[in-house]
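What follows is one structure encoded as structure tokens, with my remarks underneath.
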Amino acid sequence: MYLFLDTEFTGLHQHTSLISIAMVCDNGLEFYAEFTDYNEQDINPWIEENVLRKLIHGNTESFITEKTTYVYGNKSEIRAALTDWLHSLEHTPIIVWADVLTYDWILFCELFGGAMHIPQCLFYTPMDISTLLYLNKKLK
């Protein structure tokens with residue numbers, strides 16, 4: 001199973017923190033979460049305008065539909081919900097793909113306490129869509 005990952009975070013710096021995380025499986029199931037405990041002091045005008053204003057965050061209730069799991073909470077609450085969601089997919093290994101995954105993968109792993117603690121149902125190495133597209137273009 002392929003899982004596509006995207007995150008939004010407080011900035012391109014070493015101490016950035018997650019604002020939101022979105023995952024979509026190749027079977028159409030979705031996980032989306034918005035964090036309540038990111039460092040607001042790290043927000044710059046670009047993130048304010050292009051990220052925060054586009055969040056759903058007015059909804060303080062988490063919910064689950066047939067295809068979507070939405071969580072609004074702190075890092076601990078989101079980690080627990082995401083772990084449950086990943087284990088519910090019943091596929092191993094789940095291969096994670098991301099566009100320019102440099103920050104996405106680091107922050108994703110950090111959510112679980114580091115790369116050695118990600119759920120075992122995940123393949124340990126993520127795949128980078130940008131690299132795939134670049135190589136595909138070069139090989140033509």
Between [X] and [Y], what is the shortest heavy-atom contact and its length?
X: F123; Y: I118; value: O-CD1, 4.5 Å
X: M127; Y: L101; value: O-CD2, 3.0 Å
X: S62; Y: Y72; value: OG-N, 3.1 Å
X: K67; Y: N27; value: NZ-O, 3.7 Å
X: P119; Y: H87; value: CB-NE2, 4.0 Å
X: T7; Y: L5; value: CG2-CD1, 4.0 Å

Say whether, by atom type as modelled, one donor and one acceptor occur between the side chain of [X] and the main chain of [Y] under 3.5 angstrom.
X: D26; Y: Y2; result: yes
X: H13; Y: T16; result: yes
X: E34; Y: I56; result: yes
X: H117; Y: A115; result: no

For the atom pair [atom1] ([X]) and [atom2] ([Y]), what is the distance rounded to the nearest 0.5 Å?
X: L133; Y: I129; atom1: CG; atom2: CD1; result: 7.0 Å
X: D6; Y: I21; atom1: CG; atom2: CD1; result: 9.0 Å
X: E30; Y: T65; atom1: CD; atom2: OG1; result: 7.5 Å
X: T102; Y: L12; atom1: OG1; atom2: CG; result: 10.0 Å
X: L139; Y: Y134; atom1: CG; atom2: OH; result: 10.0 Å
X: I95; Y: L122; atom1: CD1; atom2: CG; result: 10.5 Å

Any link between [X] and [Y] through a network of hydrophobic side chains (Ile, Leu, Val, Met, Phe, Trp, Tyr) touching at under 4.5 Å?
X: Y32; Y: L86; value: yes
X: Y124; Y: L107; value: no
X: W97; Y: I106; value: no

Does a side-chain heavy-atom distance below 4.5 Å link [X] with [Y]?
X: L89; Y: C121; result: no
X: L82; Y: L111; result: yes
X: F35; Y: V71; result: no
X: F112; Y: R79; result: yes

| Taking only residues two or more places apart in sequence, or in another chain, which ones meet F31 in a ring pair (Phe, Tyr, Trp, His ring centres under 6.0 Å)? |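 With sequence neighbours excluded, F31 shows a ring pair (Phe, Tyr, Trp, His ring centres under 6.0 Å) to W85, given in chain and number order.
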| query | Quick one: side chain to side chain donor-acceptor pair (under 3.5 Å) pairs with a partner in residues 43-55, sequence neighbours left out? | reply |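 Qualifying pairs: none.
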| request: Give the C-alpha distance, both sets of side-chain angles, the deciding distance and a yes or no for side-chain contact (heavy atoms from CB on, under 4.5 Å) between I78 and L18. | output: CA-CA 11 Å; I78 291 171; L18 284 167; over 6 Å; no
| message | Hydrogens and angles aside, do T10 and N39 bring a side-chain donor and acceptor to less than 3.5 Å of each other? | response |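 No, N39 and T10 have no side-chain donor paired with an acceptor closer than 3.5 Å.
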| said: Checking S130 against D99 for the side-chain hydrogen bond (donor to acceptor under 3.5 Å, both in side chains) test, could you report, in this order, the C-alpha distance in whole Å, the side-chain angles of both residues, the deciding distance, and whether it holds? | reply: CA-CA 6 Å; S130 295; D99 177 37; 2.5 Å; yes
| task | Applying side-chain contact (heavy atoms from CB on, under 4.5 Å), run through L3 and V24 and close with a yes or a no. | result | CA-CA 6 Å; L3 185 81; V24 178; over 6 Å; no
| field | Test ring pair (Phe, Tyr, Trp, His ring centres under 6.0 Å) applied to F9 and F108, Y103, W105, the passing residue | value |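 In the set F108, Y103, W105, the residue that makes a ring pair (Phe, Tyr, Trp, His ring centres under 6.0 Å) with F9 is Y103.
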